[in-house]
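To start, the structure itself, in structure tokens.
Keep in mind that the numbers below use all heavy atoms, side chains included, and drop hydrogens, waters and symmetry copies.
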Amino acid sequence: MDEQRPTTPPARTDPSIDLLHQRTRQPLEVLFSPRSVAVVGASERPGSVGRTVLWNLISSPFGGTVYPVNPQRPNVLGIKAWPSLRALPEPVDLAVIVTPAKSVPAIIRECAEMGVKGAIIISAGFKETGPEGVKLEQEVLRIAQAANLRIIGPNCLGVMRPTGGFNATFAKGMARPGNVAFISQSGALLTSILDWSLREAVGFSAFVSVGSMLDVGWGDLIDFLADDPMTRSILLYMESIGDARAFLSAAREVALTKPIIVIKAGRTAQAAQAAASHTGTLAGSDEVLSAAFRRAGVLRVDSIEDLFHMAEVLAREPRPSGRRLTLLTNAGGPAVLATDALVSGGGELAVLSDDTRKQLDGFLPPPWSHANPVDILGDADAERYAKALETTGADPNSDGLLVILTPQDMTEPTKTADRLKGYAKLPGKPVLASWMGGSEVAAGERILNDAGIPTFGYPDTAARVFNYMWRYSDNIAGLYETPTLAEEPTGGGRDVARALVDEARASGRTLLSEYESKRLLAAYGIPTVETWLATSEDEAVAKAHTLGFPVVLKLHSLTVTHKTDVGGVRLDLRDEQRVREAFRAIRDAMAERGLQDGFDGVTVQPMVKLDGYELIVGSSLDAQFGPVLLFGAGGTLVEVMQDRALGLPPLNTTLARRMMERTRIHHALKGVRGRAPVDLGALERLMVRFSQLVVEQPFIRELDINPLLVSAERIIALDARVVLHPPDVPASALPKLAIEPYPHQYAQVLTLKNGEQLLVRPIRPEDEPAMGRFHQALSEQTVFMRYAGLMKLSQRVAHERLARICFNDYAREMALVAERPSPDGKGGGEILAVGRLTRLRGTKDAEFAITVSDTAQRLGLGTELLRRLVDIGRDWGLRRIVADILARNRGMQAVSKKLGFTLVEHEELAPDMVKAVKVLNG
């Protein structure tokens, strides 16, 4: 929580109201740190899962009580056994179930009745077996959800918590404790990694097999590990995404503080069914997944080896600020291999500055390479390596360094490593090493690793790792970048677009005509070529005279998808006769194909000189992520060129720019071969408006603008195609956006006690400059009361902090700003107050915070913001809203009481703090 923390003196409340005094707990704690565990299906049979699970639990020092449950035996492994959960002498926190699938629903029902809060279902035989298994799963889930019982599995290996000595798996042995959490959808892979990790002395904070993810999924586990002090990085082996929105929501928040690295199996699988649009055929499902990972700040790697390389490197090395790598080597061949790997992966060789080259000339032998890779020759000793590393490391053109050593006769691998260990922490630049060889370089490798310099057996591996590093930096930087404010679409534009869509659906159509499609685009401020309808030759001629020759005639049809496929486009018509001939030709071409009923006339447009670049901007549906956006090179050869980038809506200008930068044509748009550059800022804003169209018009299934003609003088949509969902599809059945869009419904006008009107609206990433001015103006007294302590001005207005305040995932955090509009009414007004509601991870509770500027206090702002936050909490279906409050913050205490909060003592609070609690849904 980053804004204000309210305050109140201790107050006595009715102790019978449990929810008021209840601590907010992470529900998944019980799956990782239980105080008592029942093993349902515990067995004595050698080699059985029930025996192994029980043995792993009792032989690991997690500190809890273990109860074997087996109705057929009085004891198991020498421990008293119990016939059922009901027979246990005390309620247990966790049940580990290893019985046949058909028995599991009854066991989960018993767990619910006995108050068990977590279950690990290791048993197989569920949805992987077919429809009957699916029915079993759904019955289990229904019982568990009604009892707030969280489940990992079924069909999983189990859960290991090495740092706590907890092993509820049937793996052979216990992982070493460490700072890496590894979550896998494959139990077999998990056991292989466990065996490898014991040999390589790699440790884990958590080791989890998720199985079929009936309940607990990726998002739940990422949220849990976010608050785990023992976890520094999170590794995922993923076969299916599960709940895409939950995964992205959790990952986008946690990736800002802990690296999330994923390897996704099945990336060559084809999309289930290519859509009929250009966008649909271009947007393969694996590409969509990669786009989603980028959007969430998640790093995707291609191999298990890279998964662990990156966990190590990102935990130990600074992130590079760019993709430029300097290679330092005593041999040419390995550097060439590293260069190939670097460049083919999107990285670049840093260009040595003149100053760096002069310095190297001063102490390197004359035959050195005089360029990057910096070949310091085969007789390089430890001192030459050190001087070269120090010099190249200071070059501002370089974002990272790779030091390569081959064990030649005069080489000193151990001494060189010892000399270089002092350069392990170059400011802002990672240093990687490749000590090539075997036993001769092993001691040097250990020295470098102990010093914090990651080593790799081969230089091309190190170059590949550097490429992953800058990509990760790029993903995270995207989360922190401050976008520019795009124009808000007018309410009238939204209404016009909605009316067009509703009219088409009411008539039973799923396809908008080109004329309707261009009206739809125009409603969102996307410029289109002037277009007129004509149903006869004479009308076409009259429109052509009005527009002026030359003109273009295109088929107007409510049923035909692609006009060029049926001869429905005629260009450069320079007189009346050619217009008449074109009209008849389009009509006759439709008749020849038996499509005469699909001829509804033509559209007449001015002939636009194609003196710019043809782009495509589109949207189609992905089975997992819902609407997906596409940008790239367009025109009739769009599928052949395959130059495109994908993204998830909604976009802001930063996200739009980054999406465009991933295409080859973006380089041309900046101006090449004498052509003036395109207005990229205008193109970014168009992408934002297009994204808003997709978000706000959910009955649109597919949308293409192809071509979108762009040049230095103009941006104009020449053609568009819009496909709707069938008329019988209700709004409730429409695909959901993977990322919660901007919640316009919470933007309202507020009238203060002094009569001034402010706009209260959800915060946006673009608000960072205004938020900086807001925090800069706060007095020390206000800061102390809001944050329960002082905070330096430089900390309050630091970019990363402000970016995180303004960057909201509206599904889990809602900050409302009270804004005094700017005099010109163009946005960028003055923020006078901020109210924030933040979901507490994994729970149905949320925490509120209020900050009011000194000049706007005592005008009712705090009360109104909190009132609106409570309303949002009800919309979210929260159980409680809470806040920890300084005892002397009398103003916030009064506001809280006024809105029905109860002020309670809590043993976990500091002596000068109290807790405000409002129960919304017990």
Side-chain angles (χ1 to χ4, degrees), residues 276-279 281 500 504 507 509-522 527-616 618 633-641 702-709 714 716-724:
S277 69
H278 291 304
T279 303
T281 59
L500 280 167
S507 65
R509 289 191 285 128
T510 59
L511 188 69
L512 294 188
S513 68
E514 182 188 358
Y515 180 69
E516 291 170 321
S517 298
K518 287 180 176 176
R519 288 181 60 203
L520 180 80
L521 297 180
T528 62
V529 64
E530 188 176 1
T531 302
W532 294 88
L533 286 178
T535 57
S536 67
E537 283 185 37
D538 290 340
E539 191 176 3
V541 169
K543 299 299 184 187
H545 279 293
T546 300
L547 290 171
F549 294 100
V551 296
V552 174
L553 260 59
K554 295 182 182 179
L555 169 68
H556 174 60
S557 174
L558 302 180
T559 56
V560 173
T561 300
H562 295 298
K563 292 180 286 295
T564 54
D565 294 345
V566 294
V569 178
R570 304 292 161 139
L571 305 175
D572 200 23
L573 308 175
R574 297 184 170 274
D575 54 43
E576 179 179 322
Q577 183 59 33
R578 288 194 173 112
V579 169
R580 292 186 182 278
E581 292 171 354
F583 184 95
R584 290 194 293 268
I586 293 172
R587 181 189 60 201
D588 294 346
M590 290 287 286
E592 289 171 6
R593 291 170 171 82
L595 299 173
Q596 56 270 21
D597 291 342
F599 179 77
D600 300 306
V602 298
T603 60
V604 187
Q605 305 168 17
M607 180 68 189
V608 177
K609 186 179 179 183
L610 298 177
D611 58 350
Y613 299 97
E614 291 183 274
L615 305 178
I616 180 172
T636 56
L637 297 179
V638 60
E639 285 95 351
V640 177
M641 297 301 293
E702 300 166 16
L703 170 56
D704 291 338
I705 304 176
N706 183 33
L708 177 72
L709 183 66
R714 60 183 168 179
I716 190 166
L718 298 186
D719 205 350
R721 176 179 175 277
V722 180
V723 180
L724 308 177

Minimum-distance pair of heavy atoms, taken over all atoms of A540 and L553 = CB-CD2, 4.5 Å

On a heavy-atom basis, the closest approach of I586 and G567 is CG1-O, 3.9 Å

Report the distance from atom CD of E537 to atom CZ of R587, rounding to the nearest 0.5 Å.
-> 6.0 Å

Drop me the distance from K543's NZ to L533's CG, to the nearest 0.5 angstrom.
-> 8.5 Å

Between V566 and A589, which heavy-atom pair has the shortest distance, and what is it?
-> O-CB, 3.6 Å

In this structure, CG of L555 is separated from CZ of R570 (nearest 0.5 Å) by 10.5 Å

Flag the pair L573 / F549 as yes when at least one side-chain heavy-atom distance between them is below 4.5 Å, and no otherwise.
-> no

With a 4.5 Å heavy-atom cut-off, do R580 and D538 have their side chains touching?
-> yes

Compare every heavy atom of P550 with every heavy atom of R574, then report the nearest pair and how far apart it is.
-> CG-CB, 4.0 Å

Basic-acidic side-chain contact under 4.0 Å: D719, R721 = no

Point-to-point distance, once rounded to the nearest 0.5 Å, from OG1 of T535 to CZ of F583 | 7.0 Å

Do you know which two heavy atoms are closest between Q605 and T603, and how far apart they sit?
-> NE2-OG1, 3.4 Å

Within the distance-only criterion (no hydrogens, no angle test), does the side chain of N706 pair as donor or acceptor with the backbone N or O of G635 below 3.5 angstrom?
-> yes

Rounded distance (nearest 0.5 Å) linking atom CE of M590 with atom NZ of K563 | 11.0 Å

Mind listing the closest non-hydrogen atom pair of L512 and S517 along with its distance?
-> CB-OG, 3.6 Å

Starting at OG1 of T531, measure out to NE2 of H556 and round the result to the nearest 0.5 Å.
-> 11.0 Å

Beyond-backbone contact of V529 with K518, side-chain heavy atoms, under 4.5 angstrom | yes

